[in-house]
Amino acid sequence: MNPSSAVDRYAVIGNPIVQSKSPIIHGLFAAATDQQMEYTKVEGRIGDFAKQLDELRAVGMRGMNVTAPFKLEAFAYATHLSESAKLAGAVNALKFEGAEVHAQNFDGIGLVNDIERNHKTPMKGKRVLLLGAGGAVRGALLPFARCEPALLVVANRTVAKAQELVDMLRTQSAANVQASSYEDLREPFDVIVNGTSASLFGDAPAVPHAAFSVDGLAYEMAYGKGATPFLLLAQAAGARRMVDGVGMLVEQAALAFEWWRGVRPSTVQAIHQLTVPIDFS
Ligand code: ATR
């Protein structure tokens, strides 16, 4: 890489990284907003993340997106953590300014933007259910609480982990938030988001049918995995609105792009281009 290059350089780092759609998304944003920049994929070196970032900065990298398994190491590497990064305990976007490393986590707010704007499902006054208590859900908590749902429930197989997240959120927010087991979910929710990694194991969180509602939104945070066990569960429970996380991916990218470049791209074209129809047959 050439530090004197006229083109500003950005990249996504992860391992594996071949699957990443971020270069396509940022390429579309850059073309639409007339930004002179390059955005590439970098395969992260396991156990050597900080040194690799030092090297990339030394050759002129301006900012990076960070994906699995480096979000915690990026948190440790940052010199300036945003509120979203602190609350998530993880980082998905970095901006390099001299010796300073600014860090953000746009996953949660990207998810909220996708649900509320793209799927036209405002959460204010609604019953909202987050499934899981790992990093994905932790990052979503405060952005969800700020939408002022009537009730925000965090349900997890290991209830103690959901309770820990709820206790943490209560120190930050006055939202009506509760922890639950799956079997105790007896009333229908307006929005249910699967933030567990159960589908990686061909499994769905054991949510009773009664938690789904016909007009509610069933949202799989993962993207492009087709009819996952969670989405099939939603369908079996009678839900009609089942979506995956393509919009979350694009919305978090748009927030990073705006943070780096000072211009807000439209997300419509990228979402359209990356959407893979879910086949429920
Ligand atoms: P991430 O950082 O990607 O969110 P994580 O911290 O490993 O990953 O969290 C994974 C989440 O998926 C947890 O909530 C986990 O439930 P437990 O806390 O009870 O382990 C959940 N999970 C994983 N496999 C699951 C399964 N087969 N059924 C239900 N929940 C599952």
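Computed from a predicted model, the values in this text were never measured in an experiment. Start at 1 with the first residue, then count along the sequence.
Annotation: side-chain contact (heavy atoms from CB on, under 4.5 Å) contacts of Gln19 (sequence neighbours excluded): Pro16. Contacts of Asp203 classified as side-chain hydrogen bond (donor to acceptor under 3.5 Å, both in side chains), with partners at least two apart in sequence or in another chain: none. The side-chain contact (heavy atoms from CB on, under 4.5 Å) check on Ser84 picks up Ser82, Gln104, Asn105, with sequence neighbours excluded. Residues meeting the side-chain contact (heavy atoms from CB on, under 4.5 Å) test with Arg241, sequence neighbours left out: His119, Thr121, Leu217. With sequence neighbours left out, Arg170 forms a side-chain hydrogen bond (donor to acceptor under 3.5 Å, both in side chains) with no residue at all. For Lys225, the side-chain contact (heavy atoms from CB on, under 4.5 Å) criterion is met by Ala222, Thr228, not counting sequence neighbours. Here Asn118 pairs with Asp114, Glu251 under the side-chain hydrogen bond (donor to acceptor under 3.5 Å, both in side chains) rule; sequence neighbours left out.
Note that CG of Asp184 is 10.5 Å distant from CD of Gln178, once rounded to the nearest 0.5 Å. Here the straight-line distance linking atom OG of Ser173 with atom CZ of Arg146 works out to 8.0 Å at 0.5 Å rounding. Note that CZ of Arg62 and CD of Glu97 are 8.5 Å apart. Values are rounded to the nearest 0.5 Å. The structure places CZ of Phe230 at 5.5 Å from CD1 of Ile192, a figure rounded to the nearest 0.5 Å. To the nearest 0.5 Å, atoms NE2 (His102) and NE2 (His80) are separated by 5.0 Å. Once rounded to the nearest 0.5 Å, the distance linking CZ of Phe96 with CZ of Arg9 reads 14.0 Å.
In this structure, Thr67 and Ser20 have side chains that are not in contact, with every pair of non-hydrogen atoms separated by 4.5 Å or more. Using a 4.5 Å heavy-atom threshold, the side chains of Met221 and Met248 count as touching. At a threshold of 4.5 Å between non-hydrogen side-chain atoms, the residues Gln252 and Asn92 count as touching. Side-chain contact between Ser180 and Val154 is absent, with no heavy-atom pair separated by less than 4.5 Å. Residues Lys21 and Gln273 are not in side-chain contact: their nearest non-hydrogen atoms beyond the backbone lie 4.5 Å or more apart. The shortest side-chain heavy-atom distance between Val191 and Met123 falls under the 4.5 Å cut-off. Looking only at side-chain heavy atoms (C-beta outward), Ser199 and Glu220 come within less than 4.5 Å of each other. Contact of the Arg57 side chain with the Val101 side chain is registered, since non-hydrogen atoms from C-beta on lie closer than 4.5 Å.
In this structure, Leu200 belongs to a hydrophobic cluster whose other members, linked by side-chain heavy atoms under 4.5 Å apart, are Phe201. Grouping Ile, Leu, Val, Met, Phe, Trp and Tyr by side-chain contacts under 4.5 Å, direct or through others, puts Leu255 with Tyr10, Val12, Ile17, Ile24, Ile25, Leu28, Phe29, Met37, Tyr39, Phe106, Ile109, Tyr223, Val246, Leu249, Val250, Phe257, Trp259, Trp260, Val263, Ile271, Leu274, Val276.
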side-chain contact (heavy atoms from CB on, under 4.5 Å) evaluation trace for Phe280 with Met242:
CA-CA 10 Å; Phe280 284 98; Met242 282 85 76; 3.7 Å; yes

Could you walk me through whether Phe212 and Leu233 pass the side-chain contact (heavy atoms from CB on, under 4.5 Å) test, one step at a time?
CA-CA 9 Å; Phe212 292 90; Leu233 171 65; 4.0 Å; yes

Taking it one step at a time, do Asp107 and Lys71 satisfy side-chain contact (heavy atoms from CB on, under 4.5 Å)?
CA-CA 11 Å; Asp107 286 332; Lys71 290 183 180 186; 2.9 Å; yes

Audit row: Asp215, Ser213, side chain to side chain donor-acceptor pair (under 3.5 Å) steps and yes/no:
CA-CA 6 Å; Asp215 296 318; Ser213 59; over 6 Å; no

What verdict does the side-chain contact (heavy atoms from CB on, under 4.5 Å) test give for His26 and Asn65, after you've listed the backbone C-alpha separation in whole Å, the side-chain angles of each residue and the deciding distance to 0.1 Å?
CA-CA 11 Å; His26 285 278; Asn65 282 122; 3.3 Å; yes

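When all heavy atoms of Ala155 and Leu185 are compared, the closest pair comes out as CB-CD1, 3.9 Å. Here the shortest heavy-atom pairing between Tyr219 and Gly245 reads OH-CA, 3.5 Å. Between Ala11 and Val42 the shortest heavy-atom distance is CB-CG2, 3.8 Å. The minimum heavy-atom distance between Ala85 and Phe75, with the atom names listed, is O-CE1, 3.4 Å. When every heavy atom of Val7 is checked against every heavy atom of Glu38, the shortest pair comes out as CG1-N, 3.3 Å. In plain terms, the two heavy atoms of Gly44 and Ile13 that are nearest each other are CA-CG1, 3.7 Å.
Hydrophobic clustering of Ile, Leu, Val, Met, Phe, Trp and Tyr side chains at less than 4.5 Å, counting indirect connections, keeps Leu151 apart from Val177. Two different hydrophobic clusters hold Val193 and Phe189 under the rule that ILVMFWY side chains link at heavy-atom gaps under 4.5 Å. No chain of hydrophobic side-chain contacts below 4.5 Å, direct or via other Ile, Leu, Val, Met, Phe, Trp or Tyr residues, connects Val66 to Leu72. In the hydrophobic clustering of this structure, Phe49 groups with Leu81; members are Ile, Leu, Val, Met, Phe, Trp, Tyr whose side-chain heavy atoms approach within less than 4.5 Å, directly or through other members.
Of the possible donor and acceptor atoms, none in the side chain of Thr33 sits under 3.5 Å from a partner among the backbone N and O of Pro265. Not one N or O on the side chain of Gln52 forms a donor-acceptor pair closer than 3.5 Å with the backbone of Gly47.
Counted within 6.0 Å of NE2 on His272, heavy atoms from surrounding residues, nucleotides or ligands total 12 or fewer; the atom is thus considered open. Atom CD of Glu100 has more than 12 heavy atoms from other residues, nucleotides or ligands within 6.0 Å. The number of heavy atoms from other shown groups lying within 6.0 Å of CG (Asp34) does not exceed 12.
Comment: Lys51 does not engage Glu73 in a salt bridge, judged by the lack of any side-chain N to carboxylate O separation of less than 4.0 angstrom.
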Side-chain donor-acceptor pairs of residues 157-169 under 3.5 Å, sequence neighbours excluded:
{"from": "Gln163", "atom 1": "NE2", "to": "Asp167", "atom 2": "OD1", "distance (Å)": "3.0"}

Do any side-chain atoms of residues 125-145 form donor-acceptor pairs under 3.5 angstrom with protein atoms, and if so which ones, sequence neighbours left out?
{"from": "Arg127", "atom 1": "NE", "to": "Pro188", "atom 2": "O", "distance (Å)": "2.8"}
{"from": "Arg138", "atom 1": "NE", "to": "Leu87", "atom 2": "O", "distance (Å)": "3.0"}
{"from": "Arg138", "atom 1": "NE", "to": "Ala88", "atom 2": "O", "distance (Å)": "3.2"}

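Note on residues 260-281: pairs passing salt bridge (charged side-chain N to carboxylate O under 4.0 Å, His left out), not counting sequence neighbours, are Asp8-Arg261, Glu258-Arg264.
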